[in-house]
Amino acid sequence: MSNTAKLTLEGKEYELPVVVGSENEKAIDITRLRAQTGYITLDTGYMNTGATRSAITYLDGEQGILRYRGIPIEDLAEKSTFVETSYLLLHGELPTQEQWKRFSNLLTYHSMIHEDMIRFFDGYPATAHPMAILSSMVCSLSAYYPESLNVFENMDMQSTRLLSKLRTIAAFSYKKSVGQPMMYPQNHLSYCANFLHMMFATPAERYEPDPDMVRALNILLILHADHEQNCSTSTVRLVGSSQANLFASVSAGICALWGPLHGGANQAVIEMLEEMQQTKLSCKEFVSQVKDKKAKVRLMGFGHRVYKNYDPRAKILKQMAQVILNKKGVNDPMLQLAQELEEAALSDPFFIERKLYPNVDFYSGLLYKAMGIPVNMFTVMFAIGRLPGWIAQCKEMMEDPENKIGRPRQIYTGPTERHYTALADRK
Ligand code: SDX
């Protein structure tokens, strides 16, 4: 295979280098295209554009493969914990006993937020969406750790603080929304058990996190931990490329994730299923609506920019949902409805032709619901899971000596030169 691509423009021939990755992915390197030819490329939504080289996550959309640092997510979901997987994403290797103990202790001892930050919650209405609180509280962490303003300084410390405190901020935003006192983290609890404690314990009664729920939460967070250059991760990288501090970059990523086309889809899936139940719309009728472009209805939790096969995360979550609901003795009609809807869609040419399959968001909400987590916290759960990925990607970018501030070009389509006219002369 030639290691260059030939391009002919206005009668001149150019050769562009070809880049091949460790999984044999191929790219044409256009770094010098404009300097050589005066042309740029145009690629709305970056459908065909690679923004970076990266050694963190590999996914194959056709084969439905997802690996973190080379390890399949099926292995990690079955054998690892979210803390261990976070270490793997951040440092490139699974931790030794010693490294794991140190990392786990740091996460335990940095779980509190400054008492002054608790007062921020007084300013929010109880109806505030927790993603609004999360993004502003995360950015405000930079006010309490001024040393973080130099993003190159103690990145590991900032990362650990953020990994530990995001959980606390999330749980506190939930307690604010239900008018209950905030429950402080307990150092004897593991990462996920501590989060469930902060969410569901009250001063009135003892709360012991259910080990099955702790395990399910570990798996949910592992499955969300990274996903190469998706919308929110690309946002974190772009903001970080200006050397903004880690808290500011992640805060921007939280805002990008909030959109219903991205991480907001898990909330939108449950709202879609609830509406179907309330309106008694059958799966067949709903699928017909989705196929009617004029209806402008999407089957939320279906489709993916990269996966043109079943999202491997959705496969694991679908099995888990059944197991967890059985264990809780819950027969949630919504799970049955979701399974029927999946069947109806996967057997319909409209979805088959467009290679639309369930993605990570289709079943995750049913699991969060079974754990007692309210719908408006679902995207917050996605953010807690994705945080190690955002940090690892930002860290990889900061450590790349060739990294430059992100600044895409454009093709201008507005008016050509014209002159100012006085107000009195404008008709
Ligand atoms: C996440 O990038 C990542 O890695 C994201 C993520 C991660 O881990 O970070 O995996 C997490 O964001 C998962 C996606 C969650 N979003 C949803 O479930 C929202 C519903 N899905 C879609 O809106 C859509 O599928 C996207 C946004 C996910 C992908 O959109 P694309 O790649 O831009 O595809 P498109 O909108 O151009 O659709 C192509 C065709 C269109 O039909 P035609 O115009 O060709 O006739 O497929 C149709 C679309 O109308 N289509 C859908 C559909 N998704 C695509 N039709 C109905 N329902 C859908 N869900």
Side-chain angles (χ1 to χ4, degrees), residues 43-51 54 56-62 64-68 73 77 85 89 131 220-237 250 253-273 276 283 286-317 338 341-342 344-346 348-366 378-379 381-390 392-393:
D43 184 20
T44 306
Y46 309 114
M47 305 272 284
N48 307 282
T49 298
S54 178
I56 298 172
T57 290
Y58 171 67
L59 65 90
D60 179 323
E62 277 65 40
I65 293 171
L66 176 57
R67 300 185 198 128
Y68 298 155
I73 47 137
T85 297
L89 286 167
M131 285 295 273
L220 272 158
L221 297 180
I222 286 169
L223 294 177
H224 284 83
D226 193 50
H227 214 241
E228 53 137 278
Q229 306 309 315
N230 58 84
C231 175
S232 53
T233 298
S234 301
T235 303
V236 171
R237 276 182 171 257
V250 168
I254 291 170
C255 294
L257 186 73
W258 196 357
L261 293 187
H262 190 15
N266 53 21
Q267 175 172 344
V269 167
I270 297 297
E271 288 162 354
M272 170 186 77
L273 295 172
M276 284 179 71
C283 293
F286 182 71
V287 166
S288 306
Q289 267 188 17
V290 170
K291 290 159 63 178
D292 170 9
K293 291 279 174 199
K294 290 190 291 304
K296 294 195 183 320
V297 170
R298 287 215 156 183
L299 175 40
M300 301 310 277
F302 255 69
H304 200 277
R305 174 62 57 76
V306 179
Y307 287 124
K308 300 308 170 194
N309 199 324
Y310 213 105
D311 183 331
R313 301 167 297 179
K315 220 174 267 180
I316 297 171
L317 291 171
L341 193 49
E342 176 189 335
L346 293 186
D348 188 296
F350 175 92
F351 292 86
I352 297 168
E353 283 154 17
R354 291 167 178 78
K355 297 185 178 176
L356 302 176
Y357 291 88
N359 59 51
V360 68
D361 292 303
F362 192 65
Y363 287 104
S364 56
L366 290 160
F378 287 6
T379 311
M381 298 309 296
F382 195 139
I384 295 173
R386 184 53 51 88
L387 182 59
W390 284 334
Q393 298 271 353

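Order of listing sets the numbers, starting from 1, for every ligand and every atom in it.
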Trainee: Looking at atom 48 (C) of ligand 1, what's its closest protein heavy atom, distance included?
Mentor: R354 CD, 3.9 Å

Trainee: Under 4.5 Å between any side-chain heavy atoms of I352 and Y357, yes or no?
Mentor: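 No, their side chains stay 4.5 Å or more apart.
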
Trainee: Would you find a donor on one side and an acceptor on the other, under 3.5 Å apart, between the side chain of R305 and the backbone of G45?
Mentor: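 Flag set: sc R305 to bb G45 pair under 3.5 Å.
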
Trainee: Do side-chain atoms of N359 reach the backbone of G303 as a donor and acceptor pair under 3.5 angstrom?
Mentor: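 A pair under 3.5 Å: yes.
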
Trainee: Do T233 side-chain atoms and Q229 backbone N/O form a donor-acceptor pair below 3.5 Å?
Mentor: no

Trainee: Does the protein come close to atom 37 (O) of ligand 1 - that is, does one of its heavy atoms sit below 4.0 Å from that atom?
Mentor: no

Trainee: Do me a favour and list the nearest non-hydrogen protein atom to atom 2 (O) of ligand 1 with residue, atom name and distance?
Mentor: N230 CB, 3.4 Å

Trainee: Y363: which residues meet the ring pair (Phe, Tyr, Trp, His ring centres under 6.0 Å) condition with it, sequence neighbours left out?
Mentor: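 Not a single residue meets the ring pair (Phe, Tyr, Trp, His ring centres under 6.0 Å) criterion with Y363.
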
Trainee: For ligand 1, note which part of R313 has a heavy atom under 4.0 Å away: side chain, backbone, both or neither.
Mentor: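 The part of R313 near ligand 1 is the side chain, not the backbone.
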
Trainee: Can you tell me if D60 uses its side chain to pair, donor with acceptor, with the backbone of I65 under 3.5 Å?
Mentor: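 Absent.
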
Trainee: Identify the protein heavy atom lying closest to atom 15 (C) of ligand 1, giving its residue, its atom name and the separation to 0.1 Å.
Mentor: D361 OD2, 3.2 Å

Trainee: In terms of atom number and element, which parts of ligand 1 are under 4.0 angstrom from non-hydrogen atoms of A265?
Mentor: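 Answer for ligand 1: 15 (C), 16 (N), 17 (C), 18 (O).
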
Trainee: Provide, to 0.1 Å, the distance between atom 52 (C) of ligand 1 and the closest protein heavy atom, together with that atom's residue and name.
Mentor: L356 CD1, 3.6 Å

Trainee: Which heavy atom of the protein is the closest neighbour of atom 9 (O) of ligand 1, given with residue, atom name and distance?
Mentor: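 Nearest protein contact, heavy atoms only, for atom 9 (O) of ligand 1 is R386 NH1, 2.8 Å.
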
Trainee: Can a donor-acceptor pair be found between the side chains of E62 and N309 at a distance below 3.5 Å?
Mentor: no

Trainee: According to the interplanar angle, ranging from 0 to 90°, do the rings of H262 and F382 count as parallel (below 30°), tilted (30 to 60°) or perpendicular (above 60°)?
Mentor: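 Judged by the thresholds at 30° and 60°, the geometry between H262 and F382 is perpendicular.
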
Trainee: Does any N/O atom on L261 come nearer than 3.5 Å to any N/O atom on ligand 1?
Mentor: yes

Trainee: Has K293 got any heavy atom lying under 4.0 angstrom from an atom of ligand 1?
Mentor: yes

Trainee: Taking distance alone, with no angle check, do D311 and ligand 1 share an N/O pair under 3.5 Å?
Mentor: no

Trainee: Among protein heavy atoms, which lies nearest atom 5 (C) of ligand 1, and at what distance?
Mentor: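 Of the protein heavy atoms, H304 NE2, 3.6 Å lies nearest.
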
Trainee: May I ask you to check whether G301 has an N/O atom sitting below 3.5 Å from an N/O atom of ligand 1?
Mentor: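 Among all N and O atoms of G301, at least one is under 3.5 Å from an N or O of ligand 1.
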
Trainee: Using a 4.5 Å cut-off on heavy atoms from C-beta on, say whether the side chain of S54 contacts that of E228.
Mentor: no

Trainee: Polar contacts were defined as any N/O atom of the residue lying under 3.5 Å from an N/O atom of the ligand; does this apply to L299 and ligand 1?
Mentor: yes

Trainee: Which protein non-hydrogen atom lies closest to atom 21 (N) of ligand 1, naming both residue and atom, and how far is it?
Mentor: F302 O, 2.9 Å

Trainee: What's the shortest heavy-atom distance between L223 and R313, and which atoms?
Mentor: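 The answer is O-CD, 3.2 Å.
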
Trainee: How far is atom 33 (O) of ligand 1 from the closest protein heavy atom, and which atom is that?
Mentor: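 Residue, atom and distance for the closest contact: R305 NH2, 2.8 Å.
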
Trainee: Identify whether NZ of Lys or CZ of Arg in R354 sits under 6.0 Å from the centre of the six-membered ring of F350 and within 45° of that ring's axis.
Mentor: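 Positive - R354 is close enough to the ring of F350 and near enough to its axis.
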
Trainee: Quick one: do the Y307 and H227 side chains pair a donor with an acceptor below 3.5 Å?
Mentor: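 Short answer, yes.
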
Trainee: Is atom 23 (O) of ligand 1 less than 4.0 angstrom from at least one protein heavy atom?
Mentor: yes

Trainee: Mind checking whether V290 has a heavy atom under 4.0 Å from ligand 1?
Mentor: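 V290 counts as a contact of ligand 1 under the 4.0 Å cut-off.
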
Trainee: What part of H262 sits under 4.0 Å from ligand 1 if we count only heavy atoms: the side chain, the backbone, both or neither?
Mentor: both

